[in-house]
Each structure stands twice: as C-alpha cells, then as structure tokens.
Amino acid sequence: MGQLTGESLSDLLRKYRGRAGLTQAALAAKAGLSDQAISVLERGTRRRPRIDTIRALIKVLRLDKAEAAEFLAVARGKSQTAEAEEPDVSGSDALPMPWQLPPAVSDFTGRTAQIEAILDVLRVQDGVPSTTVGLVAVTGMGGIGKTTLAVQAAHKLVDSYPDGHLYLNLRGYGPGKPVSTTDALRQLLRSLGTEPQLIPDEVEEAAGLLRSQLAGRRVLLFLDNAADAAHVMPLLPGNPGSAAIITSRGSLTPLPGARQVRLDALSQSESVELLSGVIGQSRIAAEPAAADALASFTGRLPLAVRLIGGRLAARPSWPIQHLVELLEDEDRRLDTLGSDETGVRANIASSVDFLQNSDRALDREAARALPLLSIPDGPDLLTVVAAQLLDLPVRRANAILERLADLNLMESVAPERYRFHDLIRAYGRELADETLTVSDDHAGLERLLRFYIGCAWQCHLLTHPTSPRMALASVPPVRISALADRTSALAWFDAEQRNLMDRFMQAASSALAGSPMLPEVALAMFGYHESRRRWMEMEEMARGAVELATKLDLPLTAAWLQHDRAIPTVENGRLESAAPILSKALTMFQDADDLTGQSRCCSSLTYVLSGLDRVEEALELGKQSLELSQKVGDVILEGVAHTALGVLYNRVGDYEQADSNFDRGIQLAQQIGSSRSEQKRNANAAFSHLLAGRWADAERYNLEAQRISDELADDVCRTESMQTRALLFAAQGKYAIAIESAEAGIHFARRSADNIREGRLYLELARIQAAADDRTAAILNATQAVSKLTRVSPIHEKYARDLVDQLRRGDPYTYAFTHHAI
C-alpha cells in the first residue's frame, strides 16, 4: 500500500495517469478540474486535497477497489489496512465545500506589491494556519480594479483554504439597495449547508451561527463591495483558520487587525501592458505611441482600459490612433482627464461617442437610448420595460440593449434582463441631465408607470376577474406572454416588484407626484398584493394615495383605496385601527352613491366589528351588506355577505341560521364556477365553527377547503387550511396531529414567502408544544415567531413575546386561541 511502500499521493497520481494514457490537461478535463489542480497535486504542494476531487480522480482513472482505497487513504493522510472501507465515489461530505470564486482574468496586469501584501497575510505556510483570523481590506474608487485584484489573490490561496471559498457581492455602492447584513448572513450560512429554517433572523444570533459553522474549518470569505466596516463585521470568521478579503470604495480602517491595501491607478507601463493583453501585442508594437497615448486618456483605470481595449478588439481593422483622435476631439473630456473619476467618464463617453458617430443606425440609436435607459431606479431593466421607456417595439429595444451589452455599456444578467454597472449608470444620468429636457425625463417615467399599471390590471383580471375595481382602470390590461395566466402573472410580479416599487417611489418624488397614475398603480396592484399577501408593500404603496385621488376628484378610486388600506391593518391584527378606516370608506361610497362599494365595506366591517365583540353592530351591517348586494345583483358580493352573516350567527349561537348562510355562500360560488371563492368560504366557515366549538363541522368544512386548495395548487390557501387544522386538533387536545399540521403550514407559508403567516404559525406551534409540555421546543419556536413578526404584526409579536416570558418563568400554560388566530 501507499504508506507502506513510501509512495506519495503525487507518485500514485502520476503512476495511474500514465497508465491511463492521459495528459494533465486531459485528466483535468475528464474529472471536471482545473489544470492547476492536477499540477499542484502531482507536485505534492497541496497537502489537503478536497475529498470530492479525490473521488472524481478515482472514477476517471478507473481504479479498482484496492487501488481506490489506497489512493483515498494516502490522500487523507491515514494508514491503510486490509479492512479499510471502500470509498464512496458517488457520495458527498456531510458539510458542503463551496467554491464560489469568480474566474480570474487571464490578462491580469501589475499590482505585484498589492498581491504580495494580501498573500503575506493570508497564505498558510507549511500547512500551519495562522493563530489569528486573517483579514485584508482592499479599498479604492469604483473601477480601480478592487474585485479583479481580490479574485486574483484568492485563486492563489486555494491550497491555504482547502475547505472552500465563499463569494458574496454586498452591493454596498449599488445599483439598488445594499444587501442587508441579515440577508448576507443567510446566504453565507446556506452556502455552508445550513437549512434555511434553522437560520436565526436576529443578526447577532445568525453571526454567531456563522462563526460556529466556520470554526475548525479553513474557509476564505470574499466579501465584495461592502458599504463600510459595520456592513461586514458580523460576517467575519471568529476563529483562526478561516480568513476574509473585503473590498469597498469607502474606508475600512475600523476593521480591527485588517491589513489595509489601497489601490491607485495603474502605472503608465501597466496600462499599456493591460491594453496589450486585450487587443494583442502585435497591434501595440505597430502603434506604440498611440497605445501610450490611449493608456493616458483612459486615466490608467483598469475598467476604462478594458472598455477601450474591448472596443478595439472587436474591430481588428481599426488603428489605435482612431480612438485616440476620438478622445482628442472632445474638449470636455480632455479638460477633466486629470483625475481617476474623470478618466472613467472619458472612457465611457468615448464608447458613446463611437456609437453616435457610427454608420450603423442601430449604434446611433443605442447612443441616444443610453441616457434615458439610465434614469429609472431599480437594480435591473427588463427588455419589455426598456421598450416602454424608449417608446419602441420590444424587438428594437432588445437589439439596442444587446448592442450596449456587446460594448460593455450594459450587462446581460439573464435572458431579457439587463443591468448597468454603477459607474456607467452614473455617467448615463449625467448625460441625461445634459441632453434630455425635464419633460423627456418625466415622459419616460410616465410611460413606465403606464406600462406597470397595464400589467397590474392584467394580473388583477386574472386573480380577481369580477373585482369592481376593474371598472376604474384608465389603462387597458397589458397582453404579453409573461402575463398569460394567473400563475405566470404572479411569478412575473414576484421578480419585478422590487423594480416596480423603486420606480413608483421615484415617480412619487418627482414632478409626477401629482399624477393620477400613482393612485391607479396602488389600486391595480391589489390583485397581486392580495394574492401574495404582500401587506407591507400594499401599505407602502397606498400611503398618500387616498388623499391624492381625492384631490384629483377620483372619488371611487379614493374610496376603494381607503377600503383596501384597511386590509394590511386587519391582517396584522390591528382591528381597532381598521374599524375607523373602513367606516370612512363606507361614508365615501355613500357620498358617491356606489352600492357595490357600500356592500363590500359593510361586509368588511362586519368581520372587523365581530372580532371587536361589537356583535349587534356587526349583525346589522351584515344584513345591510346582503340587502345591497342583492339590490345590485352582484352574486360575488352576496356570497361574501352570506359568509359574514354566518360568522355572526355562529357567534350568537344560532347555528341553524349560520349553516344556512354559509351553505348559501358556497352554493353561489359553485354557481359561478369560482373555485377560489368556494375555497375561501369553506375556510371561513371552518374557522367560524372552530370558534363556536363545533369540531366536527369545522373539520368537514376545512377538509373541503383543503381539497380545493390542493386542486388549485395554491400554497397560500394550503397554509390557511393547515393552520385551521392545527387549531382544530389542538383545541381538542390532539397535540401530535396539531403539531404536524402547524409544521406543514409553516412549510407552505415559507414556500409562498408569506412571512407574517409563517410567524403566526410558529406562534401557534409554540402554543401547542407548550400545552404538550415540550417547553424547550415551545420557547424556540415562540422566539422564532418574534423574529418573524417584529415590526410587521404587532399584536402577534406581543402574543409571542408574552408566551416566551410565561414559559421562561415556568408558569403553567393552558392552550387557547383567539379570533386573531387566522
């Protein structure tokens, strides 16, 4: 065997590779490894190869059982015996070893001293890790090459950190909002194999878990584009062995013990060398003076050199001098080339100048489009959105975006989704200030809002086809393939809602602040917000919308927005606050003489007042809602009114009348073929019977609601059904079934990204576990509920905190739930 004969891993690898007749490169390709990985193994310079690397080599080299055992034992540094276990070449380690580094550029130039400074701190010598956590902070202006340098150094540290490399772009300087410390911790922990449901929401707890996961492992963290030291402090390893490289435009001197590496511009010779790597040495040799001049005009910034070099590489017939002359013709750029920042601006401008002076119509159109494309906030730009912004057909807009991406003025991050580099976006907005009028700017944003309104109405039509809000649409629904059905429309808004919210807020703080489109966006988005239970976004978008609609003399729009603004309040358990909001909405509908809106407000108030134990008022409003709905002939509203009355009759003990109302509401839903209305009414009946202690009837209605939810494949409805089931069996003392149901509900809530419902289910699970005398689990889940509900559902957050306090005191606990439970 290897240890007995004295053969090393490198000896064995060379022997078996030779036997297989493979070169290092061929072996690397077959095993899915890099040439460098094979080289370092054969040189014997890598002491702890990854186990999946060894398994891949065993498979490709076709080693038999004994050879594989020998190879694995030598790789692990263990003695080999005849009884050694057979390696599982198809398995995987218990903990994943992430290797997330971006690829190193092949034409990396200069920075020798900075690379050595990083390696001096982070390289492990002779297999002995440092006794402290290695930290290196790389700082400098945007476009100076911080990320490229850090990637280059990290690839040279592969052998020093055999347990993996983590990479995370923190987006500290845009575009879009920075990655929060909480989200960063979650991403890092998931990369290390932590199940998402086990990751705490509190920063300190999650940071502690990250340090625990890194303890005893040698992992390199690459934290790119941090906002400041505070942004990354919770993300750093706590024990020796692991290390971190952090990049930022801002100062990172507050990081204790970090080696500070600040980047300046490349030297003149390094700039020319980098240009040579992009366009080829022969072209540099043919025009050395022009190459030298071009390097100077780029401000000697790596980003600018690559932009200009890429332009030349794509046009092998162009002389370098041609681009030099383009730069010389722009007095503004020549006057501002004295700093690194203006060097970036000049190089981006030269690219735009090339497009403007091109013989191709598409290039000239792309140059004109760049300023307008840079205006909207939001991290990404969809092709179809860009088409609206530019007021062009989608195909033409796509050609422009692709052309800009070809010239490195935009990045194609996914099919039909593009992104500006932050520096290029900043330049584009400067250009917009110079070339576009204020009306041009606002007209572009107005077209975007109009498009989003049309998309929202299309989604609304698919999710709530009988909604009376549709009659208030001033923009027709947008018919595009991405919004062809309910599922795809909701998924489209899931992906686009952050961009939409950013642009909505941008418009609200611009000259469009008084536009009637703003309240219409909020109204049209009801379909998406209600279907996905996006209460925070609904509340944010509705802020000020009622007042604006009233000011613009849009009384029905204002009335519906007033009604809808109560929904997040109700869903978050703030019934006392919701009642006056709905009462005002009822008055607004009465003033507008709108019977449909009055009926809907009456049924909503019926639910709220019932929850506030104002039963007589609620019953009167419920009857009024039914009368109004029948008067206008609205079957949907009539069904809602019957359901609301059923709840009230259960409250007062008139079960026969309650069942009559519930069954009539369900029949009306079946009559019009609305499965979603039928599901909702069964769910409401189930919970109402549960509150009344009618266990068998509650289970019957809930099973029907669950059946319809499964047919619809609707996780939001499934969550509600599982929550009701958990309450039902817990109320009867059947805790095992109740716990199982609550856990299933948590699964569906998490899958539908319903954080509020997930938090409330954690609370219910904790209550059930407390009643089952499992206090340890109950405290854990009640604490999880607090983290989910903080700042989004005050009443349930209070319930969760009170439960934690009660259990920690050791007070006796008896299971109970309230009308707030669903």
Side-chain angles (χ1 to χ4, degrees), residues 95-105 118 121-122 133-140 142 145-158 160-196 198-215 217-239 241-250 252 254-255 258-259 261 379-380 411 413-414 419 421-422 498:
L95 293 174
M97 290 192 292
W99 299 87
Q100 299 176 345
L101 289 180
V105 297
I118 297 174
V121 175
L122 303 183
V133 175
L135 298 178
V136 173
V138 181
T139 58
K146 300 181 295 294
T147 299
T148 303
L149 171 77
V151 168
Q152 196 75 15
H155 277 281
K156 294 178 180 293
L157 293 164
V158 170
S160 294
Y161 300 93
D163 295 325
H165 289 176
L166 292 167
Y167 172 78
L168 182 59
N169 182 1
L170 295 168
R171 298 204 308 267
Y173 289 86
K177 293 183 178 180
V179 175
S180 69
T181 302
T182 299
D183 287 344
L185 285 164
R186 293 186 69 83
Q187 185 168 333
L188 292 171
L189 284 165
R190 287 197 302 267
S191 296
L192 290 169
T194 306
E195 292 294 328
L198 300 179
I199 301 174
D201 286 291
E202 294 296 324
V203 170
E204 291 186 5
E205 292 180 20
L209 180 57
L210 176 62
R211 291 191 292 270
S212 298
Q213 290 284 47
L214 292 173
R217 303 173 76 175
R218 287 162 57 186
V219 175
L220 179 66
L221 280 71
F222 180 8
L223 305 173
D224 197 17
N225 197 10
D228 50 34
H231 200 183
V232 296
M233 282 292 287
L235 312 180
L236 301 178
N239 294 326
S242 290
I245 303 175
I246 308 101
T247 70
S248 178
R249 292 188 200 176
L252 293 176
L255 286 178
R259 176 69 177 270
V261 177
D380 299 328
E411 178 187 4
V413 294
R419 182 177 302 157
H421 182 281
D422 54 348
R498 186 65 263 164

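Counting begins at 1 with the first residue of the sequence. What you see is a predicted model; the values in this text were computed from it and never measured.
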With side chain to side chain contact (heavy atoms under 4.5 Å, CB included) as the test, would you mind laying out the steps for Ile246 and Leu236 before giving the verdict? CA-CA 10 Å; Ile246 308 101; Leu236 301 178; 4.1 Å; yes

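- Put simply, the side chain of Asp163 gets close to the backbone of Arg218: a donor and an acceptor are under 3.5 Å apart.
- Within the 4.5 Å cutoff, side-chain heavy atoms of Val138 are placed close to those of Ile118.
- Here the side chain of Arg190 pairs no donor or acceptor atom with the backbone of Glu195 at under 3.5 angstrom.
- Side-chain contact between Leu252 and Leu255: present, with at least one pair of heavy atoms (C-beta onward) separated by less than 4.5 Å.
- Although no hydrogens or angles enter the test, the distance criterion places no donor-acceptor pair under 3.5 Å between the side chain of His231 and the main chain of Pro178.
- Thr247 places a side-chain N or O within donor-acceptor distance of the main-chain N or O of Asn225, the cut-off being under 3.5 Å.
- The CG atom of Leu166 sits 8.5 Å away from atom CG of Leu220, with the distance rounded to the nearest 0.5 Å.
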Can you check side chain to side chain contact (heavy atoms under 4.5 Å, CB included) on Ser191 and Leu188, steps first, answer last? CA-CA 5 Å; Ser191 296; Leu188 292 171; 5.7 Å; no

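- The pair Asp380-Arg419 meets the salt-bridge criterion, with a side-chain N (NZ, NE, NH1 or NH2) lying under 4.0 Å from an Asp/Glu carboxylate O.
- Not a single donor-acceptor pair under 3.5 Å links the side chain of Arg217 to the backbone N or O of Ser242.
- Listed for the Tyr161 side chain is no donor-acceptor partner under 3.5 Å among the backbone atoms of Ala154.
- Note that CG of Leu189 and CG of Leu198 are 10.0 Å apart. Values are rounded to the nearest 0.5 Å.
- Residue Ala244 comes nearest to Pro237 through the heavy atom pair CB-CD, 4.3 Å, listed as atom of the first residue, atom of the second, then distance.
- By the 30° and 60° cut-offs, the orientation of the rings of His165 relative to Trp99 is tilted.
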For side chain to side chain contact (heavy atoms under 4.5 Å, CB included), just list the numbers for Phe222 and Val151, CA-CA rounded to whole Å, side-chain angles, deciding distance to a tenth of an Å, and then say yes or no. CA-CA 8 Å; Phe222 180 8; Val151 168; 3.4 Å; yes

